[in-house]
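FYI, side chains are in, hydrogens and waters are out, and symmetry mates aren't considered; it's all heavy atoms of this structure. Because the structure is predicted, anything quoted here is derived from the model rather than measured. Position 1 is the first residue of the sequence, and the numbers go up from there.
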Amino acid sequence: MTRKKMALILAFNVIAIVLAVLWYRYTPPLSVICEGNLTFTDRRDDNNFSFEGEVMLRFHPDGTGYFTLNGNVLHAGQEWDVSRQEGFTWRHMHDTLYEITVIRVERFSHDMLPTGIFEKYVAGLKLGQKRLLTLERTPEEALAIGNFYSPLLICSE
């Protein structure tokens with residue numbers, strides 16, 4: 001085999017390897033908007049906590065996103081309005097698994113919930129915390145967003 005043929009084979013293999021690595025590392029663009037009503041209740045250890053309201057979740061293709069919570073919290077016999085938006089970055093981990101990192105927490109003026117109550121019962125909503133979410137398409141083209149154990153929101157178009 002001549003040197004020219006060897007160089008062509010080597011170049012072809014290097015290009016194939018580089019393309020395979022780029023394809024493997026490619027994160028598909030994710031552009032999702034999901035909103036719905038959520039009722040969450042925690043009655044462990046005689047600490048009654050419930051949230052009832054609207055949740056909007058948005059993933060931008062650039063690796064950022066936010067979720068907005070608007071509703072009411074009932075805790076220890078008191079009721080408060082909740083209205084906040086939490087910005088996050090996201091990255092694709094594997095298959096349907098995504099990691100989000102909270103980078104910004106904005107409490108709107110009518111959010112009267114004392115600091116720490118919501119975060120005590122809903123894990124992963126503090127600044128800098130990371131959460132793993134699954135985003136799975138159903139056969140009916142809906143999108144189920146959840147954790148390892150159950151869906152949290154199911155969005156359909």
Open item on the list: Tell me every residue that passes side-chain contact (heavy atoms from CB on, under 4.5 Å) with Ser109, counting only those two or more places apart in sequence or in another chain.
Closed with: none
Task: Rounded distance [0.5 Å steps], CZ in Phe88 versus CZ in Phe59 - done: 4.0 Å
Task: Greater than 12 external heavy atoms within 6.0 Å of His94's NE2 - done: no
Task: Rounded distance (nearest 0.5 Å) linking atom CD1 of Ile154 with atom CD of Glu136 - done: 10.5 Å
TODO: Give the cluster check for Val32 versus Ile100: same hydrophobic cluster or not, with ILVMFWY residues linked at side-chain heavy-atom distances below 4.5 Å.
DONE: yes
TODO: Using the rule that two of Ile, Leu, Val, Met, Phe, Trp, Tyr join whenever any of their side-chain heavy atoms come within less than 4.5 Å, decide whether Val82 and Leu153 are in one cluster.
DONE: yes
Task: Partners meeting salt bridge (Lys or Arg N to Asp or Glu O under 4.0 Å) with Arg84 (sequence neighbours left out) - done: Asp111, Glu119
TODO: Kindly compute the distance separating CG (Leu135) from CG (Leu143), expressed to the nearest 0.5 Å.
DONE: 5.0 Å
- [ ] Using the test salt bridge (Lys or Arg N to Asp or Glu O under 4.0 Å), find all partners of Glu35 that sit at least two apart in sequence or belong to another chain.
- [x] none
- [ ] State the CG-CD distance between Leu38 and Glu52, to the nearest 0.5 angstrom.
- [x] 9.0 Å
Task: Pairing residues for Leu132 by the side-chain contact (heavy atoms from CB on, under 4.5 Å) criterion, not counting sequence neighbours - done: Met93, Leu97, Glu99, Phe148
Task: Cluster link Phe40 to Val55, ILVMFWY, side chain under 4.5 Å - done: yes
Task: Chi angles and distances behind the side chain to side chain contact (heavy atoms under 4.5 Å, CB included) call for Cys34, Ile145 - done: CA-CA 9 Å; Cys34 180; Ile145 301 171; 4.0 Å; yes
TODO: Please check if Val105 and Phe108 belong to a single hydrophobic cluster, counting links between Ile, Leu, Val, Met, Phe, Trp and Tyr side chain heavy atoms closer than 4.5 Å.
DONE: no
TODO: Evaluate the ring planes of Trp90 and Tyr98, with Trp represented by its six-membered ring, and classify them as parallel (under 30°), tilted (30 to 60°) or perpendicular (over 60°).
DONE: perpendicular
Open item on the list: Hydrophobic clustering (ILVMFWY, side-chain heavy atoms < 4.5 Å, transitive) - are Ile33 and Leu57 grouped together?
Closed with: no
Task: Partner set under side-chain contact (heavy atoms from CB on, under 4.5 Å) for Pro139, not counting sequence neighbours - done: none
Give the table of side-chain donor-acceptor pairs shorter than 3.5 Å for residues 64-79, with sequence neighbours excluded, one pair per line with atom names and distance.
| from | atom 1 | to | atom 2 | distance (Å) |
| --- | --- | --- | --- | --- |
| Thr64 | OG1 | Asp62 | OD1 | 2.6 |
| Thr68 | OG1 | Gln85 | NE2 | 3.1 |
| Asn70 | OD1 | Ser83 | OG | 2.7 |
| His75 | ND1 | Asn48 | O | 3.1 |

- [ ] Could you tell me whether the side chain of His92 and the main chain of Asp95 form a donor-acceptor pair under 3.5 Å?
- [x] yes
